[in-house]
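Remarks on the structure that follows.
Excluded from the calculations below are hydrogen atoms, water molecules and symmetry mates; all remaining heavy atoms, backbone and side chain alike, are included.
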Amino acid sequence: MAEPIEDRPSNNRKLLVIGLILILLSINGILLFMHSKAKEETVQKEQELQTKSTELEDQIKKFEALKGDFERQSAELQQMGMTNDSLEARVAAINSDLLKLKSFRASSFSVADQKKFRERASSLESIIRRKDAEIVKLKEDNQALFGENTALKTKQNVMTDSISTLKSTRRELAQKVTLASRLATDKIKINIITTRGKEKDDEEAEYRAKRVDKVKITYSLARNDVAEQGTRQVYLRLIEPDGSTLADQGGGTFPMEGQEQPYTAQSEILFTNSSTPYTFVYAKGAPYKEGKHTVELYSGGFLIGKASFTLK
């Protein structure tokens, strides 16, 4: 029997409603999937940001620890009466690295930045390990010297019954004291004064010989608690590339290892066991030769410092 005509619109409406419901369900599913995907990407970005933030904090802590190690090594050397300019430079460089690290935002701390600072930290750690080994050796040597001095003093006290032995012991002690009390330069800096009166202080540069008017040598003496404080004669030898010593502007000779050695200039200083700077300014009065020039400083019969500069 055929379906009544009046029921057909009702069936069409049902089909239309069902179709709309299916479309809405599909759209809802797509929206749920997109929301889930966006949420997953957000979580991933948050995790990446947290990882970068943790890495940045770890690097800052690492460089602060490295700075502390270099400062500790510098303090240990100072306790032994020694200085090391390279350690001071390391601390300054690490301070610069810390400023860079602290200026980073976690989001901008790239993988390349992380790798660069990790490699630098690893290099600095190797330097610290080597320097620690050197300090341990220095401490052992100092302890051995202390023990030797103690033994010599004990020997001197128990051998008072033998005049010849006592004299021999005194000579040995005097020689050691002389060696221990000899001065040594802590640093020598060479500046060039041009014919126009300008002073150049770039230690790595090579200067034109024809433009040099004067050579300025500035030095300081290393701390020495054994050496007696007071006046000292210091002799400067300015040696040209051919090996000859400049001595044409007030130079002379001084005794050295049983022989008379020529010197370029001499001055009397007051040794106070401090980092006081002393200066020689030498004017040759004639054109300087091209090539490597050597600067030697002597006092008390010993070579106390040496440096060089090159003219082209």
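- Between the Thr185 side chain and the Ile188 main chain, no donor and acceptor come within less than 3.5 Å of each other.
- Hydrophobic clustering of Ile, Leu, Val, Met, Phe, Trp and Tyr side chains at less than 4.5 Å, counting indirect connections, keeps Val136 apart from Leu145.
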What verdict does the side chain to side chain contact (heavy atoms under 4.5 Å, CB included) test give for Ile128 and Gln73, after you've listed the backbone C-alpha separation in whole Å, the side-chain angles of each residue and the deciding distance to 0.1 Å? CA-CA 8 Å; Ile128 288 172; Gln73 290 177 341; 3.6 Å; yes

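- For the pair Arg72 and Asp69, the salt-bridge criterion is met [side-chain N within less than 4.0 Å of a carboxylate O].
- Exactly one residue among Glu57, Glu125, Glu119 makes a salt bridge (charged side-chain N to carboxylate O under 4.0 Å, His left out) with Lys62. That residue is Glu125.
- Atom CZ in Arg232 sits 6.5 Å away from atom OG in Ser299 (nearest 0.5 Å).
- Residue Thr272 holds its OG1 atom at 9.5 Å from CZ of Arg223, rounded to the nearest 0.5 Å.
- Contact between Glu55 and Arg118 at its shortest, heavy atoms only, is OE2-NH1, 3.0 Å.
- Residue Phe280 is not grouped with residue Tyr298 when hydrophobic side chains (ILVMFWY) are merged at heavy-atom distances under 4.5 angstrom, including chains of intermediate members.
- Scanning all heavy atoms of the two residues, the minimum distance from Leu183 to Ile304 falls at O-CG2, 3.1 Å.
- Using a distance-only test at 3.5 Å, with no hydrogens or angles considered, a donor-acceptor pair links the side chain of Asn224 to the main chain of Arg182.
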Let me see the working for Leu303 and Glu296 under side chain to side chain contact (heavy atoms under 4.5 Å, CB included), right down to the final yes or no. CA-CA 7 Å; Leu303 174 66; Glu296 294 180 348; 3.8 Å; yes

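- Between the OG1 atom of Thr245 and the CD1 atom of Ile239 there is a distance of 4.5 Å, given to the nearest 0.5 Å.
- Under the 4.5 Å side-chain heavy-atom criterion for Ile, Leu, Val, Met, Phe, Trp and Tyr, Phe63 and Ile60 are members of the same hydrophobic cluster.
- Classification of Lys137 and Glu134 as a salt-bridged pair fails, no side-chain N sitting under 4.0 Å from a carboxylate O.
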Start with the C-alpha distance between Lys216 and Glu199, add both sets of side-chain angles, then the distance that settles side chain to side chain contact (heavy atoms under 4.5 Å, CB included), and finish with yes or no. CA-CA 9 Å; Lys216 180 179 178 182; Glu199 185 170 327; 3.4 Å; yes

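- For Glu71, the side chain to side chain contact (heavy atoms under 4.5 Å, CB included) partners two or more places apart in sequence, or in a different chain, are Lys67, Val91.
- Of the possible donor and acceptor atoms, one in the side chain of Thr264 sits under 3.5 Å from a partner among the backbone N and O of Leu238.
- In this structure, the side chain of Glu290 does not engage the main chain of Ala209 through any donor-acceptor pair within 3.5 Å.
- Considering CG of Leu221 and OG1 of Thr276, their distance stands at 8.5 Å, rounded to 0.5 Å.
- For Glu228 against Phe271, the heavy-atom pair with the smallest separation is O-CD2, 3.6 Å.
- Ser126 places a side-chain N or O within donor-acceptor distance of the main-chain N or O of Ser122, the cut-off being under 3.5 Å.
- The ring-ring contact (aromatic ring centres under 6.0 Å, His included) analysis of residues 210-242, with sequence neighbours excluded, yields the pairs Tyr219-Tyr278, Tyr235-Phe254, Tyr235-Tyr263.
- Hydrophobic clustering (ILVMFWY, side-chain heavy atoms < 4.5 Å, transitive): Ile127 and Ile135 are in one cluster.
- Checking side-chain atoms of Arg237 against main-chain N and O of Pro262 turns up a donor-acceptor pair under 3.5 Å.
- Residues Phe309 and Tyr207 are members of one and the same hydrophobic cluster, defined by side-chain heavy-atom contacts under 4.5 angstrom among Ile, Leu, Val, Met, Phe, Trp and Tyr.
- Between Asn273 and Ala222, the shortest heavy-atom distance links the atoms OD1-O, 4.4 Å.
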Given side chain to side chain contact (heavy atoms under 4.5 Å, CB included), test Val295 with Ile190 step by step and report yes or no. CA-CA 9 Å; Val295 171; Ile190 301 173; 3.8 Å; yes

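- Summarising the geometry, atom CD1 belonging to Ile18 is positioned 12.0 Å from atom CD1 belonging to Ile23; distances are rounded to the nearest 0.5 Å.
- Atom OG of Ser123 and atom CG of Leu66 lie 10.0 Å apart (nearest 0.5 Å).
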